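What you are looking at is a predicted structure, and each value in this text was computed from that prediction instead of being measured. All chains are named by letter (A, B, ...) in the order of the sequence lines, taking the proteins before the strands, and each is independently numbered beginning at 1.
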Protein chains: 2
Amino acid sequence: MFSDTVEYALRAVIHLAHQAPAARTTAQIAEATQVPKDYLAKILQGLAKKGIVQTQRGVGGGVSLVKTPEELTILDVVNAVDPITRIATCPLKLPTHGTNLCPLHKRMDAAMATVEAAFRDSTLAEVLADPSTASVPLCDGTDPQPLKLRRKA
Amino acid sequence: MFSDTVEYALRAVIHLAHQAPAARTTAQIAEATQVPKDYLAKILQGLAKKGIVQTQRGVGGGVSLVKTPEELTILDVVNAVDPITRIATCPLKLPTHGTNLCPLHKRMDAAMATVEAAFRDSTLAEVLADPSTASVPLCDGTDPQPLKLRRKA
DNA sequence: GAAAAACAGGATAGATTAGTCTTGTTTCCA
DNA sequence: TGGAAACAAGACTAATCTATCCTGTTTTTC
(Lines give C-alpha, C1' and ligand atoms only; values in the text may rest on other atoms or scores of the structure.)
Protein backbone atom coordinates (compact mmCIF):
# COMPACT_ATOMS: atom_id res chain seq x y z
CA MET A 1 0.00 0.00 0.00
CA PHE A 2 2.97 2.27 0.54
CA SER A 3 5.56 2.65 -2.21
CA ASP A 4 9.13 1.47 -1.89
CA THR A 5 10.15 5.10 -1.99
CA VAL A 6 8.10 5.88 1.11
CA GLU A 7 9.56 2.91 2.92
CA TYR A 8 13.08 3.94 2.00
CA ALA A 9 12.57 7.58 2.91
CA LEU A 10 11.19 6.67 6.32
CA ARG A 11 14.09 4.35 7.05
CA ALA A 12 16.50 7.10 6.12
CA VAL A 13 14.97 9.82 8.27
CA ILE A 14 14.53 7.49 11.23
CA HIS A 15 18.18 6.65 10.96
CA LEU A 16 19.05 10.34 10.77
CA ALA A 17 16.81 11.08 13.74
CA HIS A 18 18.61 8.44 15.71
CA GLN A 19 21.90 10.20 14.98
CA ALA A 20 20.52 13.74 15.23
CA PRO A 21 21.75 16.33 15.03
CA ALA A 22 24.82 14.73 13.47
CA ALA A 23 25.09 14.26 9.71
CA ARG A 24 25.54 10.94 8.00
CA THR A 25 26.75 10.26 4.49
CA THR A 26 24.42 8.73 1.95
CA ALA A 27 26.60 5.62 1.96
CA GLN A 28 26.31 5.26 5.70
CA ILE A 29 22.56 5.66 5.64
CA ALA A 30 22.26 3.22 2.76
CA GLU A 31 24.20 0.57 4.57
CA ALA A 32 22.41 1.01 7.88
CA THR A 33 18.96 1.00 6.31
CA GLN A 34 19.67 -1.56 3.59
CA VAL A 35 18.48 0.72 0.83
CA PRO A 36 20.17 0.77 -2.60
CA LYS A 37 22.70 3.57 -2.30
CA ASP A 38 22.19 5.34 -5.61
CA TYR A 39 18.45 5.23 -5.34
CA LEU A 40 18.59 6.51 -1.80
CA ALA A 41 20.66 9.44 -3.07
CA LYS A 42 17.75 10.44 -5.28
CA ILE A 43 15.25 10.12 -2.48
CA LEU A 44 17.41 12.25 -0.21
CA GLN A 45 17.67 14.88 -2.91
CA GLY A 46 13.90 14.98 -2.95
CA LEU A 47 13.73 15.28 0.81
CA ALA A 48 16.25 18.10 0.64
CA LYS A 49 14.12 19.98 -1.89
CA LYS A 50 11.15 19.63 0.46
CA GLY A 51 13.11 20.98 3.38
CA ILE A 52 13.10 17.77 5.38
CA VAL A 53 16.86 17.25 5.27
CA GLN A 54 19.85 19.41 4.47
CA THR A 55 23.04 18.31 2.76
CA GLN A 56 26.63 19.34 3.06
CA ARG A 57 29.18 18.48 0.40
CA GLY A 58 32.82 17.71 0.89
CA VAL A 59 34.89 15.92 3.46
CA GLY A 60 32.99 15.55 6.70
CA GLY A 61 29.74 16.44 4.99
CA GLY A 62 26.60 14.40 4.68
CA VAL A 63 22.88 14.57 5.25
CA SER A 64 21.12 15.72 8.39
CA LEU A 65 17.62 16.64 9.51
CA VAL A 66 16.52 20.24 9.21
CA LYS A 67 14.15 20.00 12.16
CA THR A 68 14.51 18.08 15.38
CA PRO A 69 13.00 14.60 15.65
CA GLU A 70 10.37 16.10 17.94
CA GLU A 71 9.22 18.49 15.23
CA LEU A 72 9.12 16.04 12.36
CA THR A 73 6.29 13.58 11.82
CA ILE A 74 6.01 10.47 9.72
CA LEU A 75 3.36 12.30 7.73
CA ASP A 76 5.81 15.07 6.88
CA VAL A 77 8.15 12.53 5.37
CA VAL A 78 5.47 10.55 3.55
CA ASN A 79 3.96 13.68 2.08
CA ALA A 80 7.36 14.86 0.94
CA VAL A 81 8.01 11.82 -1.22
CA ASP A 82 4.61 10.32 -2.06
CA PRO A 83 1.81 12.53 -0.77
CA ILE A 84 -1.34 11.08 0.72
CA THR A 85 -3.95 12.75 -1.46
CA ARG A 86 -7.36 12.80 0.10
CA ILE A 87 -10.46 12.47 -2.07
CA ALA A 88 -11.85 15.98 -2.10
CA THR A 89 -14.39 15.69 -4.88
CA CYS A 90 -16.20 12.87 -6.64
CA PRO A 91 -13.69 11.21 -8.99
CA LEU A 92 -16.47 10.70 -11.52
CA LYS A 93 -17.28 14.40 -11.50
CA LEU A 94 -20.97 13.67 -11.47
CA PRO A 95 -22.77 17.00 -11.62
CA THR A 96 -25.50 15.73 -9.33
CA HIS A 97 -22.95 15.04 -6.61
CA GLY A 98 -21.22 18.36 -6.69
CA THR A 99 -18.52 18.30 -4.06
CA ASN A 100 -20.29 15.63 -2.05
CA LEU A 101 -18.64 12.25 -2.01
CA CYS A 102 -20.66 9.17 -2.74
CA PRO A 103 -20.75 6.52 -0.01
CA LEU A 104 -17.96 4.55 -1.66
CA HIS A 105 -15.54 7.42 -1.91
CA LYS A 106 -16.46 8.64 1.52
CA ARG A 107 -15.26 5.33 2.91
CA MET A 108 -12.10 5.33 0.88
CA ASP A 109 -11.34 8.87 1.96
CA ALA A 110 -12.10 8.00 5.57
CA ALA A 111 -9.59 5.17 5.38
CA MET A 112 -6.95 7.54 4.09
CA ALA A 113 -7.87 10.01 6.80
CA THR A 114 -7.11 7.45 9.50
CA VAL A 115 -3.71 6.78 7.98
CA GLU A 116 -3.04 10.47 7.69
CA ALA A 117 -4.00 11.01 11.32
CA ALA A 118 -1.89 8.12 12.57
CA PHE A 119 1.12 9.40 10.68
CA ARG A 120 0.56 12.96 11.81
CA ASP A 121 0.52 11.81 15.43
CA SER A 122 3.84 10.02 15.15
CA THR A 123 6.88 12.18 15.48
CA LEU A 124 10.25 10.67 14.75
CA ALA A 125 11.20 11.24 18.38
CA GLU A 126 8.21 9.24 19.51
CA VAL A 127 9.08 6.39 17.19
CA LEU A 128 12.61 6.32 18.53
CA ALA A 129 11.39 6.39 22.11
CA ASP A 130 8.96 3.50 21.64
CA PRO A 131 9.65 1.16 24.56
CA SER A 132 8.29 -1.98 22.90
CA THR A 133 10.31 -4.87 21.52
CA ALA A 134 13.50 -3.76 19.85
CA SER A 135 14.02 -0.24 21.00
CA VAL A 136 16.12 0.88 18.07
CA PRO A 137 14.05 1.06 14.89
CA LEU A 138 16.76 0.11 12.43
CA CYS A 139 19.95 -1.30 13.75
CA ASP A 140 22.73 -3.27 12.20
CA GLY A 141 22.64 -4.63 8.66
CA THR A 142 24.77 -6.39 6.15
CA ASP A 143 24.50 -4.85 2.71
CA PRO A 144 21.89 -2.95 0.72
CA GLN A 145 19.09 -5.12 -0.55
CA PRO A 146 16.53 -3.92 -3.06
CA LEU A 147 12.92 -4.58 -2.14
CA LYS A 148 12.32 -5.96 -5.60
CA LEU A 149 14.26 -9.08 -4.82
CA ARG A 150 11.34 -10.30 -2.76
CA ARG A 151 9.01 -10.61 -5.69
CA LYS A 152 10.11 -12.93 -8.47
CA ALA A 153 12.80 -14.68 -6.50
CA MET B 1 -2.62 5.55 -1.97
CA PHE B 2 -4.94 3.14 -3.72
CA SER B 3 -4.21 2.12 -7.28
CA ASP B 4 -6.40 3.01 -10.22
CA THR B 5 -7.21 -0.67 -10.52
CA VAL B 6 -8.63 -0.76 -6.99
CA GLU B 7 -10.70 2.33 -7.68
CA TYR B 8 -12.04 0.85 -10.91
CA ALA B 9 -12.78 -2.54 -9.39
CA LEU B 10 -14.70 -0.98 -6.52
CA ARG B 11 -16.76 1.15 -8.86
CA ALA B 12 -17.60 -1.91 -10.90
CA VAL B 13 -18.70 -4.12 -8.03
CA ILE B 14 -20.67 -1.31 -6.43
CA HIS B 15 -22.47 -0.86 -9.69
CA LEU B 16 -23.12 -4.58 -9.92
CA ALA B 17 -24.31 -4.64 -6.33
CA HIS B 18 -26.75 -1.89 -7.14
CA GLN B 19 -28.16 -4.01 -9.95
CA ALA B 20 -27.87 -7.33 -8.11
CA PRO B 21 -28.59 -10.03 -8.78
CA ALA B 22 -28.94 -8.99 -12.43
CA ALA B 23 -25.99 -9.15 -14.80
CA ARG B 24 -24.58 -6.17 -16.66
CA THR B 25 -22.35 -6.17 -19.68
CA THR B 26 -18.82 -4.86 -19.43
CA ALA B 27 -19.81 -2.01 -21.72
CA GLN B 28 -22.68 -1.03 -19.46
CA ILE B 29 -20.52 -1.09 -16.36
CA ALA B 30 -17.79 0.88 -18.11
CA GLU B 31 -20.18 3.59 -19.12
CA ALA B 32 -21.89 3.83 -15.76
CA THR B 33 -18.66 3.91 -13.81
CA GLN B 34 -16.62 5.93 -16.30
CA VAL B 35 -13.88 3.36 -16.48
CA PRO B 36 -12.04 2.61 -19.76
CA LYS B 37 -13.95 -0.31 -21.21
CA ASP B 38 -11.09 -2.52 -22.32
CA TYR B 39 -9.18 -2.05 -19.13
CA LEU B 40 -12.27 -2.77 -17.08
CA ALA B 41 -12.64 -6.02 -18.99
CA LYS B 42 -9.26 -7.11 -17.71
CA ILE B 43 -10.09 -6.14 -14.15
CA LEU B 44 -13.36 -8.05 -14.31
CA GLN B 45 -11.49 -11.09 -15.59
CA GLY B 46 -9.32 -10.88 -12.51
CA LEU B 47 -12.34 -10.54 -10.25
CA ALA B 48 -13.86 -13.58 -11.94
CA LYS B 49 -10.74 -15.64 -11.28
CA LYS B 50 -10.93 -14.65 -7.63
CA GLY B 51 -14.55 -15.71 -7.41
CA ILE B 52 -15.92 -12.22 -6.82
CA VAL B 53 -17.92 -12.05 -10.03
CA GLN B 54 -19.14 -14.55 -12.57
CA THR B 55 -19.46 -14.04 -16.29
CA GLN B 56 -21.84 -15.31 -18.89
CA ARG B 57 -21.04 -15.13 -22.58
CA GLY B 58 -23.43 -14.60 -25.41
CA VAL B 59 -26.56 -12.61 -25.98
CA GLY B 60 -28.13 -11.58 -22.70
CA GLY B 61 -24.96 -12.43 -20.83
CA GLY B 62 -22.74 -10.20 -18.77
CA VAL B 63 -21.11 -9.95 -15.40
CA SER B 64 -22.76 -10.44 -12.04
CA LEU B 65 -21.78 -10.86 -8.42
CA VAL B 66 -21.21 -14.35 -7.09
CA LYS B 67 -22.26 -13.42 -3.57
CA THR B 68 -24.94 -11.06 -2.39
CA PRO B 69 -24.02 -7.46 -1.58
CA GLU B 70 -24.51 -8.35 2.09
CA GLU B 71 -21.83 -11.02 1.91
CA LEU B 72 -19.22 -9.06 0.01
CA THR B 73 -16.98 -6.49 1.65
CA ILE B 74 -14.86 -3.74 0.20
CA LEU B 75 -11.86 -5.62 1.57
CA ASP B 76 -12.78 -8.70 -0.46
CA VAL B 77 -12.67 -6.64 -3.61
CA VAL B 78 -9.51 -4.75 -2.75
CA ASN B 79 -7.69 -7.92 -1.82
CA ALA B 80 -8.79 -9.55 -5.04
CA VAL B 81 -7.14 -6.97 -7.24
CA ASP B 82 -4.41 -5.32 -5.18
CA PRO B 83 -4.04 -7.04 -1.83
CA ILE B 84 -3.35 -5.11 1.34
CA THR B 85 -0.26 -6.90 2.53
CA ARG B 86 0.40 -6.43 6.19
CA ILE B 87 3.96 -6.20 7.47
CA ALA B 88 4.48 -9.54 9.15
CA THR B 89 8.22 -9.49 9.63
CA CYS B 90 10.91 -6.85 9.69
CA PRO B 91 11.56 -5.80 6.06
CA LEU B 92 15.25 -5.48 6.86
CA LYS B 93 15.36 -9.06 8.13
CA LEU B 94 17.51 -8.06 11.06
CA PRO B 95 18.37 -11.20 12.99
CA THR B 96 18.14 -9.36 16.28
CA HIS B 97 14.54 -8.46 15.57
CA GLY B 98 13.30 -11.88 14.64
CA THR B 99 9.63 -11.58 13.89
CA ASN B 100 9.24 -8.48 16.03
CA LEU B 101 8.56 -5.29 14.16
CA CYS B 102 10.58 -2.22 14.92
CA PRO B 103 8.64 0.85 16.07
CA LEU B 104 8.58 2.29 12.56
CA HIS B 105 7.15 -0.78 10.89
CA LYS B 106 4.77 -1.35 13.75
CA ARG B 107 3.25 2.02 13.01
CA MET B 108 3.12 1.45 9.29
CA ASP B 109 1.48 -1.92 9.84
CA ALA B 110 -0.96 -0.43 12.32
CA ALA B 111 -1.99 2.12 9.70
CA MET B 112 -2.64 -0.64 7.22
CA ALA B 113 -4.55 -2.55 9.85
CA THR B 114 -6.96 0.34 10.31
CA VAL B 115 -7.60 0.46 6.60
CA GLU B 116 -8.06 -3.28 6.48
CA ALA B 117 -10.52 -3.15 9.35
CA ALA B 118 -12.49 -0.29 7.86
CA PHE B 119 -12.77 -2.10 4.56
CA ARG B 120 -13.67 -5.39 6.21
CA ASP B 121 -16.50 -3.69 8.04
CA SER B 122 -18.01 -2.24 4.89
CA THR B 123 -20.20 -4.59 2.94
CA LEU B 124 -21.39 -3.51 -0.46
CA ALA B 125 -24.94 -3.58 0.86
CA GLU B 126 -24.00 -1.17 3.61
CA VAL B 127 -22.37 1.18 1.14
CA LEU B 128 -25.47 1.14 -1.02
CA ALA B 129 -27.71 1.77 1.98
CA ASP B 130 -25.70 4.75 3.22
CA PRO B 131 -28.31 7.45 3.86
CA SER B 132 -25.92 10.40 3.58
CA THR B 133 -25.73 12.83 0.70
CA ALA B 134 -26.26 11.19 -2.64
CA SER B 135 -27.75 7.86 -1.87
CA VAL B 136 -26.65 6.12 -5.02
CA PRO B 137 -22.90 5.62 -5.05
CA LEU B 138 -22.35 5.94 -8.78
CA CYS B 139 -25.10 7.22 -10.92
CA ASP B 140 -25.29 8.59 -14.40
CA GLY B 141 -22.28 9.39 -16.53
CA THR B 142 -21.31 10.51 -19.94
CA ASP B 143 -18.46 8.46 -21.37
CA PRO B 144 -15.46 6.55 -20.04
CA GLN B 145 -12.66 8.78 -18.88
CA PRO B 146 -9.22 7.40 -17.99
CA LEU B 147 -7.84 8.53 -14.66
CA LYS B 148 -4.58 9.33 -16.40
CA LEU B 149 -6.10 12.35 -18.08
CA ARG B 150 -6.00 14.17 -14.77
CA ARG B 151 -2.25 14.23 -14.60
CA LYS B 152 -0.47 15.90 -17.48
CA ALA B 153 -3.54 17.65 -18.82
C1' DG C 1 -27.05 -23.34 -38.55
C1' DA C 2 -26.03 -18.53 -39.18
C1' DA C 3 -25.71 -14.12 -37.11
C1' DA C 4 -25.08 -11.26 -33.39
C1' DA C 5 -23.87 -10.50 -28.55
C1' DA C 6 -20.65 -10.87 -25.24
C1' DC C 7 -16.53 -12.39 -22.79
C1' DA C 8 -11.37 -14.34 -23.25
C1' DG C 9 -6.84 -13.61 -24.21
C1' DG C 10 -2.73 -11.97 -26.41
C1' DA C 11 0.05 -8.14 -28.39
C1' DT C 12 1.41 -3.75 -27.92
C1' DA C 13 2.33 0.93 -26.25
C1' DG C 14 2.97 4.77 -22.93
C1' DA C 15 3.75 6.31 -18.23
C1' DT C 16 5.53 5.70 -13.84
C1' DT C 17 8.50 3.52 -10.50
C1' DA C 18 12.72 1.38 -9.15
C1' DG C 19 17.40 0.94 -9.75
C1' DT C 20 22.24 1.63 -11.75
C1' DC C 21 26.00 4.16 -13.64
C1' DT C 22 28.80 7.99 -15.00
C1' DT C 23 30.26 12.58 -14.81
C1' DG C 24 30.36 17.02 -12.68
C1' DT C 25 30.66 20.18 -8.73
C1' DT C 26 31.42 21.60 -4.09
C1' DT C 27 34.07 21.44 0.09
C1' DC C 28 37.51 20.34 3.34
C1' DC C 29 42.16 19.65 4.63
C1' DA C 30 46.93 18.58 4.39
C1' DT D 1 46.85 24.25 -4.35
C1' DG D 2 45.89 19.58 -5.13
C1' DG D 3 43.55 15.59 -3.84
C1' DA D 4 40.03 13.16 -1.70
C1' DA D 5 35.35 13.13 0.15
C1' DA D 6 30.83 13.84 -0.67
C1' DC D 7 26.58 15.38 -2.88
C1' DA D 8 24.24 16.83 -7.69
C1' DA D 9 22.47 15.68 -11.85
C1' DG D 10 21.63 13.41 -15.96
C1' DA D 11 21.38 9.21 -18.95
C1' DC D 12 19.95 4.80 -19.13
C1' DT D 13 17.68 0.17 -18.06
C1' DA D 14 14.14 -2.92 -16.22
C1' DA D 15 9.80 -3.83 -14.24
C1' DT D 16 5.17 -2.68 -13.32
C1' DC D 17 0.89 -0.27 -14.13
C1' DT D 18 -2.44 1.67 -17.13
C1' DA D 19 -4.59 1.51 -21.42
C1' DT D 20 -5.84 0.16 -26.21
C1' DC D 21 -6.59 -2.92 -29.98
C1' DC D 22 -7.42 -7.13 -32.34
C1' DT D 23 -8.68 -11.80 -32.84
C1' DG D 24 -10.87 -15.84 -31.04
C1' DT D 25 -14.49 -18.43 -28.61
C1' DT D 26 -18.79 -19.14 -26.37
C1' DT D 27 -23.73 -18.59 -26.20
C1' DT D 28 -28.23 -17.16 -27.41
C1' DT D 29 -31.77 -16.39 -30.65
C1' DC D 30 -34.04 -16.47 -34.89
Practice prompt. Write down the distance between NZ (K37(B)) and P (dA8(C)), rounded to a whole number of angstrom.
Written response: 12 Å
Discussion item. Does dA6(C) have its OP1 or OP2 closer than 4.0 Å to a side-chain nitrogen or oxygen of Q56(B)?
Written reply: no
Worksheet item: Between the side-chain atoms of R57(B) and the base atoms of dT28(D), is any donor-acceptor pair under 3.5 Å?
Response: no
Item to complete: Return no unless some side-chain N or O of T25(B) is found under 4.0 Å from OP1 or OP2 of dA6(C).
Response: no
Worksheet item: If you measure only the distance, is there a donor-acceptor pair under 3.5 Å linking the side chains of T68(B) and E71(B)?
Response: yes
Discussion item. Can you tell me whether the side chain of K42(A) and the base of dG10(D) have a donor-acceptor pair closer than 3.5 Å?
Written reply: yes
Worksheet item: Hey, which of these two, D82(B) or G58(B), hits DNA chain D nearer its 5' end, going by closest nucleotide?
Response: D82(B)
Worksheet item: Is it true that the side chains of T5(A) and D82(A) contain a donor and an acceptor less than 3.5 Å apart?
Response: no
Response to the item:
Rounded to the nearest 0.5 angstrom, the CD-OG1 distance for Q45(A) and T55(A) is 8.5 Å
Practice prompt. Report yes if a side-chain nitrogen or oxygen of T26(A) is closer than 4.0 Å to either non-bridging phosphate oxygen (OP1 or OP2) of dA6(D); otherwise report no.
Written response: no
Worksheet entry | Spacing between L16(B) atom CG and dC7(C) atom C1', to the nearest angstrom | 14 Å
Discussion item. Is there a side-chain contact between Y8(A) and the phosphate of dG19(C), meaning an N or O under 4.0 Å from OP1 or OP2?
Written reply: yes
Item to complete: Could you state the atom-to-atom distance from CD of Q45(A) to P of dT25(C) in whole Å?
Response: 15 Å
Worksheet item: Could you state the CG-C1' distance from L40(A) to dT17(C), rounded to the nearest angstrom?
Response: 16 Å
Fill in: Minimum-distance nucleotide to P36(A) side chain [options: dA4(C), dG9(C), dG19(C)]
dG19(C)
Worksheet, complete the sentence: To the nearest angstrom, the CG-P distance between D38(A) and dA6(D) comes to 15 Å
Worksheet item: Taking OP1 and OP2 of dA8(C), is either one under 4.0 Å from a side-chain nitrogen or oxygen of T55(B)?
Response: yes
Worksheet item: If only side-chain N and O atoms of S3(B) are considered, is one of them under 4.0 Å from the OP1 or OP2 phosphate oxygen of dC17(D)?
Response: no
Fill in: Distance, rounded to the nearest Å, where Y39(A) contributes OH and dT13(D) contributes C1'
14 Å
Worksheet entry | Minimum heavy-atom distance between I87(A) and M112(A), given as atom pair plus value | CG1-CE, 3.4 Å
Item to complete: Rounded off to whole Å, could you give me the CG-to-P distance for the D4(A) and dC17(D) pair?
Response: 11 Å
Worksheet item: Tell me: CD of E7(A) to P of dT17(C), nearest whole Å?
Response: 17 Å
Item to complete: Describe, in one word, how the ring planes of F2(A) and F119(A) are oriented to each other, choosing from parallel (under 30°), tilted (30 to 60°) and perpendicular (over 60°).
Response: tilted
